[in-house]
Amino acid sequence: MSDEWTIISPRTFETMPRGSITNALIRCRRPDREADGLFDLVRPDLNLWVLELGYTQDGHQADQIDEICGQLEMHSNHLKKLRGGSADYTLHLTFELPDHEPVVLPPILSRLVSDCGLHLELHATKISES
């Protein structure tokens, strides 16, 4: 049995939910300036740093997760360094979903969150019918 993992892009999941991501960011609290350059200091009084993650607005959830995974991979070395000395080191995702639609997190996202030492915070809201 091999210890190697095969990375599968979220795009390969044809049954991904129909909802989409409406907010994606990483936040941390730290008193030093190690996060500077990648994160923005949004609340100096709380030592709160935020990295807004880009994704296609109103896109398909699988594609949005793929975009977010790409950013986590691109910055993984810096993110791994920040896990030490950070409080509230969290990947925050908000989903807008139809009724009874699950949030499906592909293995690559779970691996990246774990490797970077992030907590994972998920919120879901119901798609408003107009």
Side-chain angles (χ1 to χ4, degrees):
M1 178 187 258
S2 173
D3 287 337
E4 293 184 28
W5 291 84
T6 302
I7 304 301
I8 300 173
S9 171
R11 291 179 212 224
T12 63
F13 293 93
E14 294 178 6
T15 59
M16 288 293 284
R18 295 172 292 153
S20 63
I21 294 173
T22 58
N23 192 18
L25 59 85
I26 298 173
R27 70 172 182 262
C28 68
R29 288 186 304 112
R30 53 184 309 125
D32 58 29
R33 304 219 31 106
E34 291 295 316
D36 198 18
L38 183 58
F39 287 68
D40 294 318
L41 182 59
V42 296
R43 289 284 309 267
D45 58 318
L46 299 175
N47 296 318
L48 179 62
W49 296 85
V50 171
L51 170 61
E52 293 280 346
L53 299 171
Y55 55 91
T56 303
Q57 297 289 323
D58 299 321
H60 188 268
Q61 181 179 333
D63 294 332
Q64 292 173 321
I65 289 175
D66 196 29
E67 292 170 316
I68 290 166
C69 286
Q71 292 169 77
L72 293 176
E73 285 179 316
M74 181 173 48
H75 299 297
S76 64
N77 287 337
H78 194 166
L79 293 170
K80 288 175 187 177
K81 289 177 187 174
L82 292 176
R83 67 182 161 201
S86 292
D88 190 26
Y89 197 40
T90 303
L91 170 62
H92 166 94
L93 299 173
T94 301
F95 295 83
E96 189 173 66
L97 304 168
D99 272 341
H100 309 292
E101 195 73 33
V103 171
V104 177
L105 301 177
I108 187 172
L109 179 62
S110 300
R111 179 186 58 80
L112 288 165
V113 166
S114 176
D115 288 352
C116 292
L118 295 162
H119 291 95
L120 183 59
E121 178 178 280
L122 304 174
H123 293 267
T125 60
K126 181 180 173 184
I127 293 176
S128 56
E129 298 178 18
S130 351

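The structure displayed is predicted, hence computed values, not measured ones. If you read the sequence from its start, that first residue is 1, and numbering goes on from there.
- In this structure, the side chains of Leu105 and Val113 stay at 4.5 Å or more apart for every pair of heavy atoms.
- Nearest approach of Cys116 to Arg83, heavy atoms of both residues: O-CB, 3.5 Å.
- Here His92 contributes atom NE2 and Ile26 contributes atom CD1; the two are 12.0 Å apart, rounded to the nearest 0.5 Å.
- Taking CG from Leu97 and CD1 from Ile127, the interatomic distance works out to 6.5 Å, rounded to the nearest 0.5 Å.
- Counting heavy-atom neighbours within 6.0 Å of His119 NE2, excluding the residue itself, gives a total of 12 or less.
- Dense packing is recorded around NZ of Lys80, with more than 12 heavy atoms of other residues, nucleotides or ligands lying under 6.0 Å away.
- Under the 4.5 Å side-chain criterion, counting only non-hydrogen atoms from C-beta, Leu72 is not in contact with Asp115.
- Tested against Thr94 for a side-chain contact (heavy atoms from CB on, under 4.5 Å), the candidates Ile21, Leu122, Thr22 yield a single pass: Thr22.
- Clustering ILVMFWY residues whenever any of their side-chain heavy atoms sit less than 4.5 angstrom apart, transitively, puts Val103 in the very cluster that holds Leu112.
- Atom-to-atom distance recorded for Leu38:CG and Gln71:CD is 10.0 Å, nearest 0.5 angstrom.
- Within the 4.5 Å cutoff, no side-chain heavy atoms of Ile65 are placed close to those of Ile108.
- Residue His78 comes nearest to Asp36 through the heavy atom pair CE1-O, 4.5 Å, listed as atom of the first residue, atom of the second, then distance.
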Query - Derivation and outcome, side chain to side chain contact (heavy atoms under 4.5 Å, CB included), residues Arg111 and Glu73 - result: CA-CA 10 Å; Arg111 179 186 58 80; Glu73 285 179 316; 3.7 Å; yes

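- The shortest distance between side-chain heavy atoms of Leu93 and Ile68 falls below 4.5 Å.
- There is no side-chain donor-acceptor pair under 3.5 Å between Thr125 and His123.
- We find the CZ-CG distance between Phe39 and Leu25 to be 9.5 Å, quoted to the nearest 0.5 Å.
- A donor and an acceptor atom, one from each side chain of Gln64 and Ser20, are nowhere located under 3.5 Å apart.
- Annotation: side chain of Arg27 is not in contact with side chain of Val42 (no heavy-atom distance under 4.5 Å).
- Side-chain contact between Tyr55 and Gln61 is absent, with no heavy-atom pair separated by less than 4.5 Å.
- Note that the SG atom of Cys69 and the CG atom of Leu53 stand 10.0 Å from one another [nearest 0.5 Å].
- Asp40 is not listed as a side-chain neighbour of Glu52, based on a closest heavy-atom distance of 4.5 Å or more.
- Between the Tyr89 side chain and the Leu79 main chain, a donor and an acceptor come within less than 3.5 Å of each other.
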